[in-house]
Amino acid sequence: MPQPGDELFQVRLEKLDRLRSKGIDPYPRNYDRSHMAKDALELFESEESIESDSDDSTQVSVAGRITAMRGLGKASFLDLLDGSGKIQGMLRRNTLGESYEILKDLDIGDWLGIKGPMFRTRTGEITVEVREFEVLAKSLRGLPEKFHGLTDTETRFRQRYLDLIANPEAREIAIMRSRAVSVIRRFMDGRDFIEVETPMLVPVAAGGMAHPFETHHNALNQDLFLRIATELYLKKLIVGGLERVYEIGRIFRNEGIDLNHNPEFTTMESYESFADYNDVMNMVEELVHTVATEVFGASVVEYGGETIDLTPPWPRLSLVEQIKLHSGIDILECPDTETLVTEMQAAGIDVSAATSWAGMVDKLLSDRVEPHLIQPCFLVDYPVAMSPLAKKKPEDDRIVERFEAFAAGMELANAFTELNDPVEQRSRFEDQELQRTQLPGEEWDRLDEDFLTAVEHGMPPTGGLGIGIDRLIMLLSGQQSIREVVLFPQLRAT
RNA sequence: GGGCCGGUAGCUCAGUUUGGCAGAGCAUCGGACUUUUAAUCCGAGUGUCCUGGGUUCGAAUCCCAGCCGGCUCACCA
């Protein structure tokens with residue numbers, strides 16, 4: 001990459017001066033574009049298909065970045081890339097006269113507007129025969145090489161704009177993600193949910209089990225945390241009678257970074273009054289299927305060599321049964337930590353890291369069950385010890401009405417019938433706080449007094465949902481790394 | 001945080017095993033070329049070999065420490 005002071009950079013500065021000395025503003029303020037590249041190509045094809053009396057096609061003006069230049073003396077070809085794709089332009093000394101010489105001061109990477117009729121070259125490519133052109137922005141640094149493109153992952157993530165220029169797939173994923181979020185919004189809005197925003201800076205990082213980022217507000221002289229979930233604030237809105245709310249937003253967890261984890265990630269959480277987790281399950285499978293078909297054009301996706309069919313309904317599988325099936329362990333028969341440790345060791349599972357009963361069940365789930373959950377499904381009915389915010393099943397107070405959605409061995413969503421008994425909620429929080437004092441190495445939920453006060457005012461029966469947008473996009477776009485679906489993934493600052 | 005792998009020209013990469021002038025393609029610069037498209041042809045210059053130490057007559061190459069990245073394990077969604 002040319003740096004200020006480098007020869008390549010200097011050469012471009014000289015070109016910039018030459019353009020100015022010819023009376024050309026290398027950074028004009030606008031351009032009157034008639035067509036996107038893709039639309040221009042389609043226009044030509046449609047005009048071509050009907051017999052036309054005139055020789056010339058409609059004139060178009062398109063604007064984009066020069067991604068390739070091929071000079072042949074008194075004629076030159078260049079590729080322009082705009083938001084819709086690429087289009088080729090041909091410039092000839094004959095048609096352009098003196099202004100043809102300006103080409104010498106153009107480089108790959110510059111923004112250019114071209115205007116003229118279109119034709120097909122000998123090799124069949126639809127091409128703008130440039131009658132006029134205008135420099136839209138001079139670039140001082142070179143672009144990645146055209147053939148191999150940009151593959152260095154560090155540069156791709158740190159300078160995502162180069163990735164977007166060089167790699168069409170990067171562009172496609174960014175666009176797909178945006179469309180997917182739009183579809184989710186339409187889907188939720190269509191079900192009479194209202195989109196809300198809740199605080200990201202919070203005094204208590206509650207609503208999940210995760211290590212928060214800490215910060216400080218100077219004027220308040222108060223420590224604050226970045227939210228780890230949107231859950232509790234959204235449920236306060238349910239208490240307030242908003243009935244159906246959702247939030248699509250960033251949450252922050254101060255934990256490891258890997259293929260599936262970025263410290264900031266996007267979730268959609270929704271809360272629906274008078275619904276239970278069965279209603280939410282129906283909604284989730286329909287939501288995912290709708291996004292897949294509307295954005296990616298299919299209800300079937302390829303992921304890691306597997307073909308995954310997202311068509312509802314997805315099977316509802318008992319968590320307890322699935323653990324029994326894949327590990328031989330009946331967790332309900334092991335109500336205390338010691339028994340479970342013994343059983344897990346007997347099954348050859350490393351229990352050195354997990355210290356709590358809930359932590360070990362979670363490990364059983366992720367080690368033994370998750371890898372089998374390739375086709376989409378719901379695991380339902382979790383132990384109460386793992387789920388301090390979920391309502392117990394009426395027939396079994398060891399189990400709560402909670403489900404997690406899985407596909408391609410990845411967890412996509414977590415949801416439950418919300419616990420709305422304020423007395424029980426307080427005691428569940430107190431249990432979490434107690435566990436933290438006993439097992440500080442693990443993450444526990446935190447007691448949020450403001451939230452309890454809200455629930456004490458009466459929270460209606462509610463079905464709640466959290467769905468990881470990044471992982472959903474990974475699944476639908478076939479990407480194995482969360483960094484591919486986050487435009488600017490977290491990297492160490494240099 | 002642990003383990004493994006990597007970092008060489010603007011980009012993509014050889015060269016490291018066995019220490020001996022810093023290399024190729026693209027890009028860039030000069031020239032030729034009026035339908036090219038990884039254009040072609042002739043000619044030219046690329047550089048903190050990630051950084052800092054060490055060994056050596058001599059280090060991109062060997063040793064040590066560090067930085068950055070990737071994968072993986074742990075933790076997690």
Side-chain angles (χ1 to χ4, degrees), chain A residues 1-3 6-12 14-15 67-79 86-96 100 104 107-109 119-127 129 139-159 162-163 165-166 208-211 228-229 251-267 269 350 352-355 359 362-363 365-367 370 404-406 410-414 441-443 466-472 474 480-483 489 491-494:
Chain A
M1 194 122 320
Q3 303 295 325
D6 283 3
E7 186 198 330
L8 276 67
F9 199 93
Q10 282 308 319
V11 165
R12 291 197 176 204
E14 286 159 17
K15 289 177 176 177
T67 57
M69 291 214 282
R70 296 174 290 279
L72 292 92
K74 296 188 178 63
S76 294
F77 291 84
L78 50 79
D79 294 341
K86 277 186 184 180
I87 189 164
Q88 177 171 260
M90 182 181 73
L91 298 87
R92 297 198 304 165
R93 187 77 167 76
N94 282 5
T95 21
L96 293 166
Y100 185 78
K104 286 180 181 162
D107 286 294
I108 289 172
F119 71 105
R120 265 188 204 275
T121 63
R122 280 177 198 161
T123 48
E125 179 158 355
I126 301 168
T127 300
E129 188 210 321
S139 132
L140 301 180
R141 293 177 186 257
L143 288 184
E145 188 230 13
K146 61 188 169 188
F147 186 57
H148 298 93
L150 178 68
T151 60
D152 180 70
T153 47
E154 190 170 353
T155 308
R156 287 186 50 230
F157 298 151
R158 287 194 197 278
Q159 296 177 274
L162 295 177
D163 192 31
I165 294 165
M209 301 178 186
H211 196 256
I228 59 165
I251 64 177
F252 309 86
R253 298 193 176 183
N254 201 344
E255 289 157 1
I257 298 174
D258 64 25
L259 283 183
N260 292 304
H261 298 85
N262 195 59
E264 47 184 305
F265 61 106
T266 302
T267 59
E269 283 196 35
D350 174 26
S352 55
T355 48
D362 200 54
K363 186 166 179 60
L365 168 60
S366 50
D367 279 16
E370 263 191 49
E404 291 187 298
F406 293 87
M410 250 189 324
E411 185 192 329
L412 289 181
N414 179 25
E442 277 187 60
E443 290 299 335
I467 182 162
I469 300 297
D470 311 87
R471 292 205 181 156
L472 178 63
M474 285 169 67
Q480 310 274 330
S481 167
I482 195 170
R483 297 186 188 97
L491 297 177
R492 196 179 292 272
T494 49

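Reminder, nothing fancy here: chain letters follow the sequence lines and each chain counts from 1. Remember, it's a predicted structure, so these values are computed and weren't measured experimentally.
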Nearest-Å distance, CD1 (A/Ile257) to C1' (B/rA74)? 15 Å
Determine the sole option in A/Thr153, A/Thr151, A/Asp152 for which the side chain to side chain donor-acceptor pair (under 3.5 Å) test with A/Thr155 is passed. A/Asp152
Side-chain atoms of A/Leu259 come closest, of B/rU36, B/rG69, B/rC71, to B/rC71
Counter-base of B/rG69, judged by Watson-Crick or G-U geometry with both distances under 3.5 Å: B/rC5
Consider only side-chain N and O atoms of A/Thr95 and A/Tyr100, and report whether a donor and an acceptor are under 3.5 Å apart. no
Give A/Asn254 one of three labels, base, sugar-phosphate or nothing, depending on what nucleic acid heavy atoms sit under 4.0 Å from its own. nothing
Could you work out the separation of B/rC33 and B/rA38 based on their P atoms and round it to a whole Å? 23 Å
Distance check needed: B/rG70 P versus A/Leu150 CG, whole Å only. 14 Å
Taken to the nearest whole Å, CZ/A/Arg70 to P/B/rA27 is 11 Å
Rounded to whole Å, CG of A/Leu491 lies from P of B/rC50 at a distance of 20 Å
So do A/Glu443 and A/Arg253 actually touch side chain to side chain, heavy atoms under 4.5 Å? no
Taking only side-chain nitrogens and oxygens of A/Arg492, does any of them come within less than 4.0 Å of OP1 or OP2 of B/rC68? yes
Between B/rA60 and B/rC73, how far apart are the C1' atoms? Round to whole Å, please. 32 Å
Taking the P atom of each, how far is B/rG19 from B/rU56, in whole Å? 16 Å
Measuring only the C1' atom in each nucleotide, how far is B/rA44 from B/rA27? A whole number of Å is fine. 14 Å
Reckon A/Asp470 touches a base, only the sugar-phosphate, or nothing at all at heavy-atom distances under 4.0 Å? nothing
Taking for each residue the nucleotide of RNA chain B bearing the nearest heavy atom, is the 5' side occupied by A/Phe119 or by A/Pro263? A/Phe119
Got a donor-acceptor pair under 3.5 Å from the side chain of A/Gln88 to the base of B/rU36? yes
Figure out the CG/C1' separation between A/Asp367 and B/rA74, and round it to whole Å. 11 Å
Assign each of A/Glu443 and A/Ser481 to its nearest nucleotide of RNA chain B by heavy atoms, then name whichever residue's nucleotide is nearer the 5' end. A/Ser481
P-based separation of B/rC26 from B/rG43 [nearest Å]: 13 Å
If you only use heavy atoms from C-beta on, which nucleotide in B/rA77, B/rG70, B/rU36 is closest to the side chain of A/Thr121? B/rU36
Nearest-neighbour nucleotide for the A/Arg471 side chain, B/rU28, B/rA77, B/rC68 considered: B/rA77
Integer-rounded Å distance: B/rC41 P and A/Leu72 CG: 13 Å
Work out how far the C1' atom of B/rC62 is from that of B/rU55, and round it to whole angstrom. 8 Å
For atom CG of A/Asn260 and atom P of B/rC71, their distance in whole Å: 10 Å
Have a look at A/Asn414 and say if it touches a base, only the backbone sugar-phosphate, or nothing, with a 4.0 Å heavy-atom cut-off. nothing
Across all strands, who's sitting opposite B/rU16 as a Watson-Crick or G-U wobble pair, both distances under 3.5 Å? none
When we call it a touch if two heavy atoms are under 4.0 Å apart, what does A/Ile251 touch: a base, just sugar-phosphate, or nothing? nothing
Rounded P spacing from B/rU17 to B/rG6 in Å: 13 Å
Please state how far atom CG in A/Asp258 lies from atom P in B/rC4, giving the value in whole angstrom units. 19 Å
Is any side-chain N or O of A/Thr151 under 3.5 Å from a base N or O of B/rU12, one able to act as donor and the other as acceptor? no
P atom, B/rU16 versus B/rG7: distance in rounded Å? 12 Å
Listed nucleotide nearest any side-chain atom of A/Glu154, set B/rC68, B/rU12, B/rU36: B/rC68
Which part of the nucleic acid does A/Arg483 contact within heavy-atom distance under 4.0 Å: base, sugar-phosphate only, or nothing? sugar-phosphate
Indicate, with a heavy-atom threshold strictly under 4.0 Å, whether A/Met209 touches base, sugar-phosphate, or nothing. sugar-phosphate
Let me see the working for A/Asn260 and A/Ile482 under side chain to side chain contact (heavy atoms under 4.5 Å, CB included), right down to the final yes or no. CA-CA 5 Å; A/Asn260 292 304; A/Ile482 195 170; 5.7 Å; no
